[in-house]
Amino acid sequence: MEKKFSNKDVAQLLRNVSAAYQVKGASSFQIRAYDLAADAVEHASSDVRALWETGDLDKIPGVGSHIANYLDEYFTSGEVRHFKTVFKDIPDSMFELLRVPGIGPKTAYKLAKTGVANTQDLEKQIKSRTLLDKGFGQKVLDNILRGVEEFKRRSDRILLPVAWGVASQVIEYLKKNKNVTNADPLGSLRRKVATVGDIDISVASDDPKSVVEHFLKFPGKERVVEAGERTATISVDGGIRIDLMIQPPERYGSLLQHFTGSKHHNIHIRRIAREKGLSLSEYGIKLVEEKGAQFSQDTFFKCETEQEFYRKLGMGYIEPELREDQGEIEAAMAGKLPDLIRLEDIRGDLHTHSSWSDGQDSIADMTKAASSFEREYIALTDHSYPSLNYEKRLKEIEQYNYSQDNIRVISGLEVNINADYNLQITDDILAKHDIIFVSIHTSFRQSKDEMTQRIVRAMENPHVDALAHPTGRLLLEREGIEADWEKIFKRIGQLGKFLEIDGYPNRLDLPDNLVKEAKRFGVKFTVDTDSHRTEHLKLMEYGVSVARRGWLQKEDVINTLPYPKLKDILGIRD
DNA sequence: GCCGTTTTCGGCCCGACTGTTTTCAGTCG
């Protein structure tokens, strides 16, 4: 029951209203209003139902008085009378068919009306040619069928590092064409969102035709979805779509800016541009009407770089990770953008596992590998299994520190917070280690109040330093826990303790929006890999990308400190 | 339906590709 009211469910409801409006030919602005509200709800940093409870629904940008009233009715009674009339005469199957790529509201409606029950039925009916004489041409049906096949195969989203890997291969391949002067990822991938839907790539070239031809021959290609003059789309293994966009080098900045998004960021800056009489596109900045005397009538700025693009709009350069319309535009205009943390700022990794618990490699191997990444220190934080021989493990770490001076090894543990609020092991064992992470690994579905208490009590234990992967989410697998984050952040801030940003690919936890929130409470962070084998140690960049999306600077993150300072802050004795 | 540093009314981002109803609609990003 509770699931029906998640942000994702509410967003889906609003998208369905938008689709129904499109079928019924409502005003395009009304349609867009529902789409924007749906996006805003889906990406809101708070639970939409919690906002409703406190009467703060209209604080979500894009949700105004009308939609707020409808949602009030929805949360109160489970349905909305107005929406029911909107959905009248529209078969339910339309909304399922909409999930197939290439099928929009109009087509979905038409299919549903001809009696297509769902995607399986759609596939069957296309193959048995029953739809041919019902207003669909062969080419359209072929295209839909390919969409259905793709839909069946693909999972909704891809983990950031997986997408990054595919994109890197494509970019490397593209650069083999001598007409390609530059190539970069675009979209949510470039903004380093935790999961991405498809892969967009930009290319700077004066010979787009040859680049498109080259792209269509990419070795991993499954099929060509479309191919034009300066854009093309292919799909690769697993139904992942790769979009290519090409502009000449002198417009490359405009292209990057346009397709990096986010949609909301671009809508906002275009609104600001319009107020200045400017129109923005992937071709550049164009003067549409004279307002003030800054520009002559025929001015057109192509923008070779994004820096130039933002400068022309009177803003500082906005890093891609910030482009979510979460205050970065205002900050850019006021010259108050943060100086974001970089991968090079990281000096050590504070959350890793060895073969003492569930890791694959020995402490010596983990440490050598960390040293090869030029880390100054590494904390081994094995799980606090009750059966572990803690004394022997501590001895091994101590001896290892004596045996070399390339890297400092810090003795640590990752300790479960039990459902009864107690920690997995006793304080006397905790006291013998230099860093203690606590984390939730059981009873994920406790009530919000219990969960909040559980975490706060654990953090109040004087031996505890940091909360590891705070929400416990597993991307594409499991939702995070429900807790009163504001309360938790406030308490951790008071205690002067730390929140972890876990960079493990399917965690990326604390999530970026909560990172930004926690920073407001003065909380400091540690960005770690949670490595379980030596190869994982290189995944630090993904943790850093979460930190950047959360507006963190170097000084917000304790493992940017040199060891002597880190030692002080963690209270490590010699 | 949303929204406000000239506005509570009158605007609302911009363009590519495909198929086909050859002047445009549908879909996508």
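Protein chains get the first letters and strands the later ones, always in sequence-line order, with residue 1 at the start of each. It should be emphasised that the depicted structure is a prediction, and the values quoted were computed from it without experimental measurement.
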Student: Could you tell me whether A:Gly261 contacts a base, only the sugar-phosphate backbone, or nothing, with contacts defined as non-hydrogen atoms closer than 4.0 Å?
Tutor: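 Here A:Gly261 touches no strand at all.
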
Student: Among B:dC14, B:dG26, B:dG29, which is the nearest nucleotide to the side chain of A:Lys106?
Tutor: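 Selected nucleotide: B:dG26.
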
Student: Now, which nucleotide makes the Watson-Crick or G-U wobble pair with B:dT8, with each of the two distances under 3.5 Å?
Tutor: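 Partner of B:dT8: none.
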
Student: Closer than 4.0 Å, any side-chain N/O of A:Tyr109 to the OP1 or OP2 of B:dT27?
Tutor: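 Negative; the distance criterion is not met.
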
Student: Starting at the 5' end of DNA chain B and moving along, which residue's nearest nucleotide shows up first, A:Pro105 or A:Tyr21?
Tutor: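 Going by which nucleotide is closer to the 5' end, it is A:Tyr21.
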
Student: At 4.0 Å (heavy atoms only), tell me whether A:Ala273 reaches a base, stays on the sugar-phosphate, or touches nothing.
Tutor: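 Result for A:Ala273 = nothing.
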
Student: So if I take every side-chain heavy atom of A:Ser281 and compare against B:dG19, B:dC17, B:dG15, which nucleotide ends up nearest?
Tutor: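 The answer is B:dG15.
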
Student: Whole Å only: how far is the CD1 atom of A:Ile269 from the P atom of B:dC14?
Tutor: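 Result: 11 Å.
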
Student: May I ask you to verify if any side-chain N or O of A:Tyr70 is less than 4.0 angstrom from the OP1 or OP2 atom of B:dG1?
Tutor: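 Yes.
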
Student: Show the nearest heavy-atom pair for residues A:Thr85 and A:Lys24, with the distance to one decimal.
Tutor: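 Nearest heavy atoms, A:Thr85 then A:Lys24: O-NZ, 3.4 Å.
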
Student: In whole angstrom, give me the gap between the C1' atoms of B:dC9 and B:dG15.
Tutor: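 Between the two C1' atoms, the distance is 29 Å.
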
Student: Would one find a side-chain N or O of A:Thr107 under 4.0 angstrom from OP1 or OP2 of B:dG26?
Tutor: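 Negative; the distance criterion is not met.
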
Student: Measure NZ/A:Lys110 against C1'/B:dT21 and give the value in whole Å, please.
Tutor: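 Atom-to-atom, A:Lys110 to B:dT21, this comes out as 10 Å.
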
Student: Taking B:dC12 as the reference, what is the distance to B:dC17 when you measure between their C1' atoms (whole Å, please)?
Tutor: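 These two C1' atoms come out 25 Å apart once rounded.
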
Student: Check whether any side-chain N or O of A:Arg241 sits under 4.0 Å from OP1 or OP2 of B:dG29, and answer yes or no.
Tutor: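 Result: no.
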
Student: Whole angstroms only, please: what is the CZ-C1' distance between A:Phe29 and B:dG11?
Tutor: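 Rounded to the whole Å, the gap is 8 Å.
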
Student: Is it true that A:Glu306 and A:Arg190 make a salt bridge, defined as a side-chain N closer than 4.0 Å to a carboxylate O?
Tutor: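 Yes.
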
Student: Can you tell whether the side chains of A:Asp35 and A:Arg15 come within less than 4.0 Å, N to carboxylate O?
Tutor: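 Here A:Asp35 does not pair with A:Arg15 in a salt bridge, since their nearest N and O are not under 4.0 Å apart.
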
Student: Taking the six-membered ring for Trp, are the ring centroids of A:His214 and A:Tyr173 within less than 6.0 Å of each other?
Tutor: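 Yes, they do, as the ring centres are separated by less than 6.0 Å.
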
Student: How many Å lie between CD1 on A:Ile103 and C1' on B:dT27, as a whole number?
Tutor: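 Taking atom C1' of B:dT27 as the reference, CD1 of A:Ile103 is at 11 Å.
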
Student: Do A:Lys209 and A:Glu229 sit within salt-bridge range, that is, some charged N less than 4.0 Å from a carboxylate O?
Tutor: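 Result for this pair is no, no salt bridge flagged.
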
Student: Is there any protein nitrogen or oxygen under 3.5 Å from a nitrogen or oxygen in nucleotides 2-4 of chain B, and what are the pairs?
Tutor:
residue	atom	partner	partner atom	Å
B:dC2	OP1	A:Gly64	N	2.6
B:dC2	OP1	A:Gly64	O	3.3
B:dC2	OP1	A:Ile67	N	3.3
B:dC2	OP2	A:His66	N	3.3
B:dC2	OP2	A:His66	ND1	3.2
B:dC3	OP1	A:Gly62	N	2.8

Student: Contact class for A:Asp200 (heavy atom, under 4.0 Å): base, sugar-phosphate, or nothing?
Tutor: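 The answer is sugar-phosphate, as A:Asp200 gets under 4.0 Å only of primed atoms, P, OP1 or OP2.
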
Student: Is the A:Tyr74-A:Phe5 ring centre distance short of 6.0 angstrom?
Tutor: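 So the answer is yes for these two rings.
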
Student: Taking B:dT20 as the reference, what is the distance to B:dC24 when you measure between their C1' atoms (whole Å, please)?
Tutor: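 Per the computed distance, 9 Å lies between those C1' atoms.
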
Student: Start at the 5' end of DNA chain B and walk down; is the nucleotide closest to A:Ala108 or to A:Asn143 reached first?
Tutor: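 Of the two residues, A:Asn143 wins.
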
Student: Where the side chain of A:Glu282 is concerned, which of B:dC17, B:dG19, B:dA16 is the nearest nucleotide?
Tutor: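 My answer, after comparing the listed nucleotides, is B:dA16.
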
Student: Taking the P atom of each, how far is B:dG1 from B:dT5, in whole Å?
Tutor: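 Approximately 23 Å lies between the P atom of B:dG1 and that of B:dT5.
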
Student: Is the ring centre of A:Phe95 less than 6.0 Å from the ring centre of A:Phe87?
Tutor: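 Yes.
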
Student: In whole Å, what is the span from the CG atom of A:Asp35 to the P atom of B:dC12?
Tutor: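 Answer to the nearest Å: 18 Å.
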
Student: Any base atoms under 4.0 Å from A:Leu36, or only sugar-phosphate, or nothing? Heavy atoms, all strands.
Tutor: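 The residue A:Leu36 makes no contact with any strand.
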
Student: Checking A:Lys110 against A:Phe136: charged group under 6.0 Å from the ring centre and within 45 degrees of the axis?
Tutor: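 The answer is yes; both the distance and angle limits are met.
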
Student: Is A:Lys139 close enough to B:dC17 that one of its side-chain N or O atoms is under 4.0 Å from OP1 or OP2 there?
Tutor: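 The answer is no; no side-chain N or O of A:Lys139 sits under 4.0 Å from OP1 or OP2.
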
Student: In whole Å, what separates the C1' atom of B:dG11 from that of B:dT6?
Tutor: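 To the nearest whole Å, 14 Å.
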
Student: Less than 4.0 Å between a side-chain N and a carboxylate O, is that true for A:Arg311 and A:Glu308?
Tutor: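 Between A:Arg311 and A:Glu308 there is no salt bridge, as every charged N stays at least 4.0 Å from the carboxylate O atoms.
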
Student: Please report the distance, rounded to the nearest Å, between CZ in A:Arg146 and C1' in B:dC17.
Tutor: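 Roughly 14 Å, once rounded to whole Å.
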
Student: Which is true for A:Phe136 with a 4.0 Å heavy-atom rule: it touches a base, it touches only sugar-phosphate, or it touches nothing?
Tutor: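 No contact.
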
Student: What interatomic distance, in whole Å, is found between C1' of B:dC2 and the corresponding atom of B:dT8?
Tutor: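 Between the two C1' atoms, the distance is 12 Å.
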
Student: Just compare B:dC17, B:dG29, B:dC12 and give me whichever is closest to any side-chain atom of A:Glu229.
Tutor: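 Side chain of A:Glu229 sits closest to B:dC17.
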
Student: Could you state the atom-to-atom distance from CG of A:Leu216 to P of B:dC17 in whole Å?
Tutor: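 For the pair A:Leu216 CG and B:dC17 P, the rounded distance is 12 Å.
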
Student: A:Ser279 near the nucleic acid: base, sugar-phosphate alone, or nothing, with a heavy-atom cut-off under 4.0 Å?
Tutor: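 Sugar-phosphate, no base atom in range.
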
Student: Before accepting this row, confirm whether a basic side-chain N of the pair A:Glu282/A:Arg251 lies closer than 4.0 Å to the acidic partner's carboxylate O.
Tutor: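 No.
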
Student: Could you tell me how far apart A:Lys263 (NZ) and B:dC28 (P) are, to the nearest whole angstrom?
Tutor: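 That distance rounds to 12 Å.
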
